[in-house]
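Below, all heavy atoms of this structure are taken into account, side chains as well, without hydrogens, waters or symmetry copies.
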Amino acid sequence: MPTISDIMTADPVAVVPEMSLRDAVEVLRGNGISGVPVISGNKIVGVLSVTDLIEFSAGRTASDAPPGDAGTQSVDYWDNVEEWAPVEEEEDPSAFFRDLWPASEESVAERWENASGSGSWDQLSEHAVGEIMTRKLCSLGPGATVQEAAGYMVERGIHRVLVMEGEELLGIVSTTDIMRAVSEGKC
């Protein structure tokens, strides 16, 4: 029976707690993975997953959005707009949008340009991995069987297990690793 050390990804990609969520998303995307260990110094302090990022995003409230953000307007607001007048050629075309964001002194073009930078409404750039990572470590030793790892993941509702010997991270086993092992007849 194969063990998780036979199918694990050794030396997995990792992030640090101080990394911005924006940079962490790029690490996940760039490596085609959905979760990474979080390491501080030589110690594993958590795991960051796409689920953590989704929960963070879903937890945002209207108070987190920029003042007057159109996304905070109720459906009734949009239903009660009586007339959508065309913008006259001599008018500033961004005037309509500035009315939606009354607290903003930036033009729409400036807001768009700043969106990819560290604008006040770019929550991923303004928050760090350590704020949202899962701190409870789910790990198994390298001698655990693939079947034990699969049961462990199902029981805890997780998609990856850290393979650790004591405090040392040896690798990571994901549901994809287990599916690959089964499809290749290793299990």
Side-chain angles (χ1 to χ4, degrees), residues 1-61 64-65 71 112-187:
M1 169 97 30
T3 65
I4 57 175
S5 63
D6 297 325
I7 67 165
M8 72 180 183
T9 300
D11 300 320
V13 174
V15 297
V16 296
E18 302 79 22
M19 180 181 278
S20 77
L21 296 179
R22 168 83 49 222
D23 290 341
V25 165
E26 288 303 315
V27 168
L28 293 172
R29 186 191 62 76
N31 288 283
I33 54 179
S34 62
V36 291
V38 181
I39 299 175
S40 181
N42 291 328
K43 185 175 180 178
I44 308 297
V45 294
V47 174
L48 177 71
S49 69
V50 170
T51 301
D52 297 321
L53 291 160
I54 290 170
E55 287 176 357
F56 169 77
S57 295
R60 286 191 57 210
T61 64
D64 296 329
W112 185 256
E113 185 177 301
N114 290 334
S116 61
S118 60
S120 63
W121 52 291
D122 183 6
Q123 295 295 308
L124 293 178
S125 292
E126 292 182 359
H127 291 274
V129 167
E131 295 175 54
I132 71 163
M133 69 184 183
T134 300
R135 287 171 172 74
K136 183 177 181 198
L137 300 180
C138 292
S139 66
L140 291 171
T145 67
V146 173
Q147 185 175 4
E148 289 169 334
Y152 185 78
M153 290 180 191
V154 168
E155 179 182 304
R156 287 171 174 72
I158 57 175
H159 299 278
R160 66 202 48 78
V161 172
L162 301 173
V163 180
M164 297 181 70
E165 198 158 52
E167 298 285 316
E168 182 185 0
L169 177 66
L170 303 176
I172 192 165
V173 171
S174 69
T175 52
T176 301
D177 295 324
I178 292 174
M179 289 187 298
R180 185 178 301 113
V182 169
S183 73
E184 292 173 356
K186 294 179 181 177
C187 296

Do any side-chain atoms of residues 153-168 form donor-acceptor pairs under 3.5 angstrom with protein atoms, and if so which ones, sequence neighbours left out?
from: Arg160; atom 1: NH2; to: Ser34; atom 2: O; distance (Å): 3.4
from: Arg160; atom 1: NH2; to: Ser34; atom 2: OG; distance (Å): 2.6

All side chain to side chain donor-acceptor pair (under 3.5 Å) counterparts of Asp23, not counting sequence neighbours: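 So Asp23 forms a side chain to side chain donor-acceptor pair (under 3.5 Å) with Ser20.
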
Set of residues satisfying side chain to side chain donor-acceptor pair (under 3.5 Å) with respect to Gln147, sequence neighbours excluded: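 Counting only residues at least two positions away or on another chain, Gln147 forms no side chain to side chain donor-acceptor pair (under 3.5 Å).
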
Pairwise ring pair (Phe, Tyr, Trp, His ring centres under 6.0 Å) hits with a residue in residues 122-157, at least two apart: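 Of all non-adjacent pairs touching residues 122-157, those that pass ring pair (Phe, Tyr, Trp, His ring centres under 6.0 Å) are Phe56-His127.
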
Ile54 side, atom CD1; Ser49 side, atom OG - distance, nearest 0.5 Å: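 Atom-to-atom, Ile54:CD1 and Ser49:OG are 8.0 Å apart.
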
Salt bridge (Lys or Arg N to Asp or Glu O under 4.0 Å) contacts in which one or both residues fall within residues 34-44, not counting sequence neighbours: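 Every pair satisfying salt bridge (Lys or Arg N to Asp or Glu O under 4.0 Å) with a residue in residues 34-44: there are none.
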
Inter- and intrachain pairs under salt bridge (Lys or Arg N to Asp or Glu O under 4.0 Å), touching residues 25-40, at least two apart: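 Sorted pair list: Glu26-Arg29.
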
Non-neighbouring partners of Val16 that pass side chain to side chain contact (heavy atoms under 4.5 Å, CB included), sequence neighbours left out: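 Listed in chain order: Glu18, Met19.
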
Polar side-chain atom of Glu131 near backbone of Ala128 as donor-acceptor pair, under 3.5 Å: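 Yes, Glu131 side chain to Ala128 backbone: donor-acceptor pair under 3.5 Å.
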
Polar side-chain atom of Arg22 near backbone of Glu126 as donor-acceptor pair, under 3.5 Å: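 No; judged by distance alone, with no hydrogens or angles, the pair does not exist.
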
What heavy-atom pair brings [X] and [Y] nearest, and what distance separates the two atoms?
X: Gly35; Y: Leu28; result: N-CD2, 3.6 Å
X: Val129; Y: Ala24; result: CG2-CB, 3.7 Å
X: Val36; Y: Ile33; result: CG1-CD1, 3.4 Å
X: Val45; Y: Ser40; result: CG1-CB, 3.9 Å

Identify every side-chain donor-acceptor pair in residues 1-13 under 3.5 Å, counting partners at least two apart or on other chains, and give the distances.
from: Thr3; atom 1: OG1; to: Ser5; atom 2: OG; distance (Å): 2.9
from: Thr3; atom 1: OG1; to: Asp6; atom 2: OD2; distance (Å): 3.3
from: Ser5; atom 1: OG; to: Pro142; atom 2: O; distance (Å): 3.4
from: Asp6; atom 1: OD2; to: Thr3; atom 2: N; distance (Å): 2.9

Donor-acceptor pairs under 3.5 Å, side chain of residues 172-187 to any protein atom, not counting sequence neighbours: which ones?
from: Ser174; atom 1: OG; to: Thr176; atom 2: N; distance (Å): 3.3
from: Ser174; atom 1: OG; to: Asp177; atom 2: N; distance (Å): 3.2
from: Ser174; atom 1: OG; to: Asp177; atom 2: OD2; distance (Å): 3.3
from: Asp177; atom 1: OD1; to: Arg180; atom 2: NH1; distance (Å): 3.2
from: Asp177; atom 1: OD2; to: Ser174; atom 2: N; distance (Å): 2.9
from: Ser183; atom 1: OG; to: Met179; atom 2: O; distance (Å): 3.4
from: Ser183; atom 1: OG; to: Arg180; atom 2: O; distance (Å): 3.0
from: Glu184; atom 1: OE1; to: Lys186; atom 2: NZ; distance (Å): 3.2

Working for side chain to side chain contact (heavy atoms under 4.5 Å, CB included), residues Leu48 and Thr134: CA-CA 6 Å; Leu48 177 71; Thr134 300; over 6 Å; no

